[in-house]
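Data block below; observations after.
The chains referred to below are lettered A, B, ... by the order of the sequence lines, with proteins before strands, and numbering in each begins at 1. In what follows, every heavy atom counts, from backbone to side chain, and hydrogens, waters and symmetry copies are set aside.
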2 protein chains.
Amino acid sequence: MATGRTHRPATRSRGIPEATVARLPLYLRALTALSERSVPTVSSEELAAAAGVNSAKLRKDFSYLGSYGTRGVGYDVEYLVYQISRELGLTQDWPVVIVGIGNLGAALANYGGFASRGFRVAALIDADPEMAGKPVAGIPVQHTDELEKIIDDNGVSIGVIATPAGAAQQVCDRLVAAGVTSILNFAPTVLTVPDGVDVRKVDLSIELQILAFHEQRKAGEEAEAQAGAAMEAEAEAAAAAKAAGKGPDGDVPAVMPA
Amino acid sequence: MATGRTHRPATRSRGIPEATVARLPLYLRALTALSERSVPTVSSEELAAAAGVNSAKLRKDFSYLGSYGTRGVGYDVEYLVYQISRELGLTQDWPVVIVGIGNLGAALANYGGFASRGFRVAALIDADPEMAGKPVAGIPVQHTDELEKIIDDNGVSIGVIATPAGAAQQVCDRLVAAGVTSILNFAPTVLTVPDGVDVRKVDLSIELQILAFHEQRKAGEEAEAQAGAAMEAEAEAAAAAKAAGKGPDGDVPAVMPA
DNA sequence: CCATCTTTGTGCACGCGTTCACAAAGACAT
DNA sequence: ATGTCTTTGTGAACGCGTGCACAAAGATGG
């Protein structure tokens with residue numbers, strides 16, 4: 001039983017590394033843009049620049065899909081768009097349900113990127129009876145009671161959770177029990193799911209905290225450089241503790257707000 | 001000039017691996033929950049379960065911060081909350097601006113997780129003059145013209161981009177020019193930023209496509225198993241192409257919708 | 001004070017992902 | 001047909017992250 005695993009580390013799915021799979025959508029987006037501008041072919045160097053990766057990595061990524069390029073010329077844009085779409089499973093339609101139609105859920109329902117690339121919002125689901133029937137993004141919201149029936153009737157295998165943290169695990173359990181095997185989780189909680197179910201999480205708060213870490217480090221380095229490189233690691237730590245209004249070290253700090 | 005780099009691969013920030021930094025917010029969340037329940041100490045095993053990771057990894061992660069545990073007992077919850085908060089730079093207040101107050105921007109502004117952990121929404125910015133002055137989440141929206149002044153007056157170093165893709169790079173450039181050095185990008189575009197600026201991206205569409213890949217693979221494996229394990233990789237690919245309504249192989253497919 | 005038991009902290013090995021560098025392949029001009 | 005030039009595809013080396021397994025550390029009970 002995997003607990004909140006973001007990706008499968010064990011078996012490399014059909015030989016395509018997970019890291020490569022994660023980049024394919026990026027390539028696809030860049031290629032689609034080229035296709036719209038009717039660009040016939042593109043070199044690995046150009047496409048890599050457009051996708052924000054390095055060209056060796058891109059070529060290796062494509063090599064896992066097969067040999068779709070022509071040496072001396074590059075890659076056929078249309079053909080590659082199709083190959084990647086097929087590999088990602090976007091040549092078929094994926095019905096998706098969104099559970100939790102608050103601010104975020106509504107934003108997701110309105111997001112254009114959904115419908116445009118193989119995904120179709122099959123239903124919006126919310127626990128609030130007041131919401132039932134109200135249209136959001138042109139789709140009437142349905143009550144949580146209908147969840148199992150909706151999943152079953154529409155053959156939904158992908159669910160999006162945009163509920164408050166407290167409700168997420170329960171919703172997740174019901175989705176899984178009803179047959180959903182892939183979940184995109186926006187709630188700030190670790191979801192526990194049975195084996196065979198994939199969970200990916202999107203967590204605003206975590207991303208911000210990671211940025212804050214780097215931001216602090218940048219500020220620290222700058223201060224260190226200004227102070228004339230005399231500040232040792234110990235001194236820095238002490239200064240930080242002091243700045244936070246604490247004693248020399250080792251005493252219990254004020255509790256962080258929830 | 002880094003192009004849309006998500007994290008710095010080169011220098012390991014002050015010895016703490018990037019992978020560890022990305023997990024610290026997870027630990028912090030679990031610890032905060034324990035703190036609220038007034039749990040005094042926790043073992044690596046328990047905390048790891050709560051955070052959805054394995055205990056050896058957690059212990060190794062904490063070892064980068066220092067030796068904060070007590071053998072035979074575990075970790076002091078309050079103390080650890082403080083140490084991680086300090087390491088992540090959450091003991092200080094980070095003013096944040098959100099640019100692009102559409103559905104998503106509004107949802108972000110309303111998101112409680114912002115204010116609660118060291119982040120403060122300093123301003124909401126939108127290009128639409130109609131929006132100016134309207135309060136969203138209790139904060140009046142300001143026009144893009146004010147961007148530079150807002151950044152400067154509030155000492156903002158973290159910016160959130162929730163604009164349409166077309167406007168993202170331009171907004172990014174202005175943010176960076178005004179002094180922002182960390183950007184959280186929700187727009188489906190690769191952002192190009194100068195060295196020293198961190199960019200993290202959150203991309204719904206990409207996450208869904210990754211799930212679709214695994215979903216397709218699961219479906220394929222299932223079909224393979226049912227068919228009696230006689231289906232080879234080649235046969236599988238051919239079947240997929242056929243299901244998509246294509247000829248035997250190698251001919252140019254229909255173009256995907258934008 | 002000593003023995004036992006729990007739990008941390010970490011050395012080590014392994015595997016994945018990235019990058020380099022180059023040979024093979026094909027287009028294109030002459 | 002042949003040579004040149006561009007660009008792909010990949011073998012090999014390296015570094016990071018993960019997980020195992022165990023010794024060291026300290027609490028707890030007698």
Side-chain angles (χ1 to χ4, degrees), chain A residues 2-24 26-27 31 39-77 79-80 83-84 210, chain B residues 2-24 26-27 31 39-77 79-80 83-84 210:
Chain A
T3 295
R5 190 96 66 39
T6 296
H7 58 284
R8 50 187 56 238
T11 46
R12 232 162 51 173
S13 335
R14 184 165 151 215
I16 300 182
E18 189 59 31
T20 295
V21 172
R23 280 188 295 268
L24 290 181
L26 226 52
Y27 302 145
L31 284 164
V39 178
T41 61
V42 66
S43 73
S44 64
E45 203 71 51
E46 292 168 319
L47 185 54
V53 302
N54 111 14
S55 68
K57 196 186 296 189
L58 179 141
R59 286 198 301 276
K60 180 142 289 195
D61 283 343
F62 285 175
S63 79
Y64 292 116
L65 307 184
S67 289
Y68 293 147
T70 306
R71 295 171 192 230
V73 176
Y75 299 91
D76 182 289
V77 172
Y79 188 60
L80 204 46
Q83 290 299 343
I84 295 180
I210 295 172
Chain B
T3 294
R5 190 97 63 39
T6 295
H7 58 283
R8 49 188 58 240
T11 46
R12 235 163 48 173
S13 338
R14 185 163 149 216
I16 301 183
E18 190 61 30
T20 295
V21 172
R23 280 188 294 268
L24 289 182
L26 227 53
Y27 301 146
L31 285 163
V39 178
T41 61
V42 66
S43 72
S44 64
E45 203 70 49
E46 292 167 320
L47 185 54
V53 301
N54 110 13
S55 69
K57 196 185 297 188
L58 178 141
R59 287 197 301 275
K60 181 147 289 192
D61 283 341
F62 285 175
S63 78
Y64 292 117
L65 308 183
S67 289
Y68 294 146
T70 305
R71 295 172 191 232
V73 176
Y75 299 92
D76 183 291
V77 172
Y79 188 60
L80 204 46
Q83 290 299 343
I84 294 180
I210 295 172

task: Send over the distance from A:Glu45 CD to D:dC5 P, rounded to a whole Å.
output: 19 Å
statement: In whole angstroms, the gap separating C1' of D:dC22 from CZ of B:Arg59 amounts to 11 Å
- request: Output all residues satisfying side chain to side chain donor-acceptor pair (under 3.5 Å) with B:Thr41, sequence neighbours left out; order by chain, then residue number.
  value: none
- line: What one should report as the nearest heavy-atom pair of A:Gly15 and A:Pro17 is O-CD, 3.3 Å
statement: Rounded to whole Å, the CG-C1' distance (A:Asn54 to C:dC20) equals 10 Å
- prompt: What is the per-nucleotide protein-contact pattern of nucleotides 23-30 of chain D, from the 5' end, where B denotes a base atom under 4.0 Å from a protein heavy atom, S denotes such proximity for sugar-phosphate atoms only, and - denotes neither?
  reply: -BB-S---
- request: List for me each residue that meets salt bridge (charged side-chain N to carboxylate O under 4.0 Å, His left out) alongside A:Arg59, sequence neighbours excluded, and say none if there are none.
  value: none
- request: Describe, as an angle rounded to 10 degrees, how the axis at the first end of the helix from C:dC1-D:dG30 to C:dT30-D:dA1 is tilted relative to the axis at the last end, five pairs per end.
  value: 10°
- prompt: With respect to the phosphate group of D:dT18, does any side-chain polar atom (N or O) of B:Arg23 fall under 4.0 Å of OP1 or OP2?
  reply: yes
message: If I take atom CG in residue A:Leu58 and atom C1' in nucleotide D:dT8, what distance separates them, rounded to the nearest angstrom?
response: 11 Å
message: Is A:Ser44 close enough to D:dT8 that one of its side-chain N or O atoms is under 4.0 Å from OP1 or OP2 there?
response: yes
task: May I have the distance from A:Asp76 (atom CG) to C:dG26 (atom C1'), rounded to whole angstrom?
output: 16 Å
task: Evaluate the criterion side-chain contact (heavy atoms from CB on, under 4.5 Å) for residue pair B:Thr20 and B:Lys60; output intermediate values, then yes/no.
output: CA-CA 9 Å; B:Thr20 295; B:Lys60 181 147 289 192; over 6 Å; no
query: At their closest point, which heavy atom of A:Ile84 faces which heavy atom of A:Leu31, and how far apart are they?
result: CD1-CD1, 3.7 Å
query: Which residue, B:Gly74 or A:Ala56, contacts DNA chain C at a nucleotide closer to its 5' end, judged by nearest heavy atom?
result: B:Gly74
- prompt: For B:Leu65 and C:dT8, what is the distance between atoms CG and P respectively, to the nearest whole Å?
  reply: 15 Å
message: I want to confirm an ordering. Mapping A:Ser67 and B:Ala19 to their closest nucleotides on DNA chain D, which one lands closer to the 5' end?
response: A:Ser67
- request: To the nearest Å, give me how far apart CZ (A:Phe62) and C1' (D:dG9) are.
  value: 13 Å
Using a 3.5 Å cut-off and no angle test, enumerate the donor-acceptor pairs between side-chain atoms of residues 65-75 of chain B and protein atoms at least two apart in sequence or in another chain.
residue, atom, partner, partner atom, Å
B:Tyr68, OH, B:Leu65, O, 3.3
B:Tyr68, OH, B:Gln83, OE1, 3.0

statement: Between OH of B:Tyr64 and P of C:dT8 the distance, given in whole Å, is 17 Å
task: Looking at every strand, decide which applies to A:Tyr75 at a 4.0 Å heavy-atom threshold: base, sugar-phosphate, or nothing.
output: sugar-phosphate
- request: Could you pull out the closest heavy-atom pair between B:Ser55 and B:Ser44, with the gap in Å?
  value: CB-O, 3.9 Å
- request: Look at B:Ser43 and C:dT7 and indicate whether a side-chain polar atom (N or O) is within less than 4.0 Å of OP1 or OP2.
  value: no
message: I'd like to know if A:Lys60 reaches the base of D:dG9 with its side chain, counting only an N/O donor and acceptor under 3.5 Å.
response: no
field: Distance in Å, A:Asp61 CG paired with A:Tyr27 OH, rounded so as to fall on 0.5 Å steps
entry: 3.5 Å
message: Quick check for you: to the nearest 0.5 Å, what is the distance between A:Leu58 atom CG and A:Leu47 atom CG?
response: 5.0 Å
